[in-house]
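Keep in mind that the numbers below use all heavy atoms, side chains included, and drop hydrogens, waters and symmetry copies. All of these numbers come straight from a predicted model, not from anything done at the bench.
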Amino acid sequence: MRVLVTGGAGFIGSHVVEALAARGHEPVVFDVRASAAADVRDPEAVARALRGMDAVCHQAAMVGLGTGFGDAADYVSRNDLGTAVLLTAMAGQGVRRLVLAGSMVVYGEGRYACGVHGVVRPGPRTVDDLAAGRFEPHCPVCGRELAAGLVTEDAPADPRNVYATTKLAQEHLAAAWARSTGGSAVSLRYHNVYGPRMPRDTPYAGVASFFRSALARGEAPRVFEDGRQRRDFVHVRDVAEANVTALEAEPAAGALTAYNTGSGDPHTVGEMARALASAYGGPEPVVTGEYRLGDVRHITADSARLRAELGWRPGVAFADGMREFARARLRGE
C-alpha cells in the first residue's frame with residue numbers, strides 16, 4: 001500500500017514512516033520540514049502528492065496547548081484548513097482511506113464519578129481555585145471530591161482550549177468526508193506520546209520533553225500543580241504501530257471511527273518526572289504549584305476498543321520507555 005504521511009518528518013510521523021516500511025508498505029513523506037512546498041494548505045501541492053496513493057496517514061498539525069489565544073488563527077489554519085484542503089483533494093482523486101492523528105484533548109477533563117451523583121462532568125477550573133492550590137475538580141452538584149476514572153470514546157466532547165477545538169473540528173471534517181465519499185476514516189485519539197525525536201524547548205512540546213530538556217541542561221524538572229495529575233504516557237513506537245494497524249484494518253465505510261490510543265497504564269505527572277530524573281541521573285524534580293489555565297486535571301484512556309477491534313497492543317512498558325527516553329536524542333539537540 002502506498003501511503004501519504006503528512007507530517008512524516010515530524011516526531012510521530014517519522015516513526016509512522018518507519019513502521020509502515022517495516023511492514024512492507026511504501027510511505028511517502030509530505031512535510032514542510034522536508035520541503036517548503038509541502039504545505040498541507042496548498043491545494044496544488046496536496047493534489048500532486050496524492051497521485052497514486054492508496055491511503056493517507058494525516059499527522060501534520062500544529063500541536064500543544066499553545067501560549068494563549070493569540071495563536072488561534074495559526075491553529076485553525078494549519079489544523080482545520082489544512083485538513084479541509086487534504087480531504088477535498090482526496091475526494092477528488094478517489095483516495096478513500098484515512099487515518100487521522102486525533103487527540104485525547106477533545107474530551108476536556110477526564111471521567112469523574114461522585115459518590116452521591118454518579119458520573120458527572122465538572123466545569124473548567126477557575127483561576128481562583130488554581131491560584132489557591134485547589135487543583136481537584138469537585139462535583140458540580142454537591143461539591144464533593146470526585147474519583148477519576150478511564151475515558152471511553154463515547155464520552156461527550158468538551159474541548160477546553162484552541163488546540164483541542166481544532167482537533168475536534170478535524171474529526172468532524174473527516175466524518176463529513178467519509179459520509180460524502182463512502183471512504184473510511186479512523187481517528188486515533190493519542191494520549192501523552194513520548195519517545196525519541198520529541199521536539200525540545202518549544203512552547204508546544206509535551207511535558208515529557210520539557211522535563212527531559214531541563215535534565216539535559218542540568219536543571220530540575222519543574223512539575224506544575226501538585227504533581228498528582230494523572231495521564232497515560234504512551235510510547236511513540238506503540239503509537240506508530242497503532243497507525244499501521246488502523247491503515248491495514250477494514251473500518252466501516254462512510255463513517256469515522258475514533259479509538260483511544262494509550263498505554264492503559266496511567267501515571268501521575270510527578271511519577272513520570274521522578275522516573276525520568278532517576279533514569280537520567282538527576283536532579284530530582286521540583287513541584288512548583290504553578291499552573292496553566294486550560295490544562296485539565298486528570299485524563300486517562302480506556303483503549304479497550306482499539307485492542308478488541310483492531311488487535312493492537314502497546315509493547316513498551318512505562319519504566320523501559322522512561323529509561324530509553326532519558327538518553328534519547330530530542331529534535332533540536
Side-chain angles (χ1 to χ4, degrees), residues 3-14 16-17 28-50 53 56-93 95 98-108 157-181 183 185-190 193 198-206 209 243 256 258 292-295 331-332:
V3 182
L4 186 69
V5 184
T6 69
F11 166 44
I12 297 174
S14 64
V16 171
V17 167
V28 177
V29 172
F30 186 82
D31 194 311
V32 291
R33 300 174 188 86
S35 169
D39 190 330
V40 76
R41 296 167 294 182
D42 182 339
E44 293 184 1
V46 172
R48 286 193 300 270
L50 278 172
M53 295 297 156
V56 173
C57 187
H58 186 30
Q59 305 292 319
M62 185 175 178
V63 301
L65 178 62
T67 56
F69 205 81
D71 49 14
D74 283 341
Y75 272 113
V76 172
S77 175
R78 297 188 191 188
N79 296 354
D80 298 336
L81 175 60
T83 299
V85 169
L86 174 66
L87 293 171
T88 300
M90 291 175 66
Q93 296 201 30
V95 181
L98 171 72
V99 172
L100 171 69
S103 176
M104 53 83 177
V105 295
V106 301
Y107 298 118
D158 185 16
R160 299 286 176 92
N161 55 60
V162 172
Y163 169 63
T165 302
T166 66
K167 296 306 289 183
L168 182 59
Q170 283 185 312
E171 290 193 352
H172 288 316
L173 287 166
W177 165 85
R179 286 192 295 270
S180 175
T181 65
V186 169
S187 178
L188 297 176
R189 290 176 175 170
Y190 302 159
V193 186
M198 280 194 86
R200 60 163 295 176
D201 296 333
T202 81
Y204 306 100
S209 176
N243 276 272
L256 178 136
R292 295 194 309 176
L293 193 64
D295 275 348
R331 187 178 298 274

Write down the atom of [X], the atom of [Y], and the distance for their closest heavy-atom approach.
X: S209; Y: M198; answer: CB-CE, 3.7 Å
X: R41; Y: P43; answer: O-CD, 3.2 Å
X: A45; Y: A37; answer: CB-O, 3.3 Å
X: L173; Y: D80; answer: CD1-O, 3.6 Å
X: E171; Y: S187; answer: OE2-OG, 2.7 Å
X: A72; Y: V162; answer: CA-CG1, 3.7 Å

**Message:** Before you tell me yes or no, could you show the steps for R189 and V106 under side chain to side chain contact (heavy atoms under 4.5 Å, CB included), namely the whole-Å CA-CA distance, both residues' side-chain angles and the distance that decides it to 0.1 Å?
**Reply:** CA-CA 8 Å; R189 290 176 175 170; V106 301; 3.8 Å; yes
Any donor-acceptor pair under 3.5 Å linking the side chain of [X] with the backbone of [Y]?
X: Q170; Y: L100; result: no
X: T6; Y: A60; result: yes
X: S180; Y: A176; result: no
X: Y75; Y: V63; result: yes
X: S77; Y: A73; result: no

Does a side-chain heavy-atom distance below 4.5 Å link [X] with [Y]?
X: V29; Y: V17; value: yes
X: L50; Y: V56; value: yes
X: V193; Y: I12; value: yes
X: V40; Y: H58; value: yes
X: F30; Y: V46; value: yes

As an exercise, state the distance from [atom1] of [X] to [atom2] of [Y], rounded to the nearest 0.5 Å.
X: N161; Y: T166; atom1: CG; atom2: OG1; value: 8.5 Å
X: F11; Y: Q59; atom1: CZ; atom2: CD; value: 11.0 Å
X: L98; Y: M90; atom1: CG; atom2: CE; value: 4.5 Å
X: L81; Y: D39; atom1: CG; atom2: CG; value: 9.0 Å
X: M104; Y: L188; atom1: CE; atom2: CG; value: 14.5 Å

**Request:** Given side chain to side chain contact (heavy atoms under 4.5 Å, CB included), test S14 with R331 step by step and report yes or no.
**Result:** CA-CA 11 Å; S14 64; R331 187 178 298 274; 4.2 Å; yes
**Prompt:** Does a donor on one side chain and an acceptor on the other come within less than 3.5 Å for D71 and Y163?
**Reply:**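 No.
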